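Structure first, commentary second.
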Amino acid sequence: GETLAFAHKSNSTSPRFILYYSNNPTDFKGLVAQANSSIVAFIKDDQLTIKSSNFSGSAEINVTDMAGRTMLDQQVYLTDNELKTIHVRSTNQIVLVTIKTNQNVFIYRIMH
């Protein structure tokens, strides 16, 4: 059999939660409200780091330099409140990080 793991925030006042399962992650598109979600990008230990709040799901990460050259174009799965580290070659310049989910677009200018 397959082992499944899940988490429930300890400070939540909700007495229960709903567990959805599917082999296809797009099956649940729209079931969870993402209006209050936020995703931030920053540099930690010389690596691009992504942290989502109130969002779990697929996201497209695009990093371009200021000349418009693509340094990274990658699909990742983000988990609420966890850090996702992505290797991007350091260029010691400002880069544009665009993070697209099914409902939101987040854009950051970061020195990397």
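The structure displayed is predicted, hence computed values, not measured ones.
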Rounded to the nearest 0.5 Å, how far does [atom2] of [Y] lie from [atom1] of [X]?
| X | Y | atom1 | atom2 | result |
| --- | --- | --- | --- | --- |
| Met66 | Gln93 | CE | CD | 8.5 Å |
| Glu60 | Leu72 | CD | CG | 9.5 Å |
| Ile110 | Thr49 | CD1 | OG1 | 9.0 Å |
| Thr85 | Lys51 | OG1 | NZ | 12.5 Å |
| Asn62 | Leu96 | CG | CG | 8.0 Å |
| Asn104 | Ser52 | CG | OG | 11.5 Å |

Under 4.5 Å between side-chain heavy atoms, hopping through other hydrophobics if needed: is there a path connecting Val88 to Ile94?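 Different clusters: Val88 never reaches Ile94 through Ile, Leu, Val, Met, Phe, Trp or Tyr contacts under 4.5 Å.
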
State plainly whether one hydrophobic cluster holds both Ile107 and Phe42, where clusters connect Ile, Leu, Val, Met, Phe, Trp and Tyr through side-chain heavy atoms under 4.5 angstrom apart.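 No, because Ile107 and Phe42 fall into different hydrophobic clusters, even though each may have its own neighbours under 4.5 Å.
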
Considering only heavy atoms from C-beta outward, does the side chain of His112 approach that of Val97 to under 4.5 Å?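 Counting from C-beta outward, His112 and Val97 never come under 4.5 Å.
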
Check: Ser56 and Leu78 side chains under 4.5 Å, non-hydrogen atoms: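 Answer no - side chains too far apart.
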
Take Tyr108 and Ile50 through the test side-chain contact (heavy atoms from CB on, under 4.5 Å) and record every step on the way to the result. CA-CA 11 Å; Tyr108 297 94; Ile50 310 291; over 6 Å; no

Can you tell me if Thr91 and Asp65 form a side-chain donor-acceptor pair at under 3.5 Å?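 Judged by distance alone, the side chains do not pair up.
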
Give me the one residue out of Val63, Ile43, Leu48 that meets side-chain contact (heavy atoms from CB on, under 4.5 Å) with Val95.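 Exactly one candidate clears the test, Val63.
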
Which heavy atom in Phe55 sits nearest to a heavy atom in Ser37, and how many Å separate them?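 That would be CB-CB, 3.7 Å.
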
Working note: Thr101 + Ile39, criterion side-chain contact (heavy atoms from CB on, under 4.5 Å); need CA distance, chi angles, decisive distance, verdict. CA-CA 10 Å; Thr101 68; Ile39 300 174; 3.5 Å; yes

For Leu83 and Lys44, run side-chain contact (heavy atoms from CB on, under 4.5 Å): C-alpha distance rounded to whole Å, both residues' side-chain angles, the deciding distance at 0.1 Å, then the answer. CA-CA 10 Å; Leu83 298 178; Lys44 180 180 179 183; 3.8 Å; yes

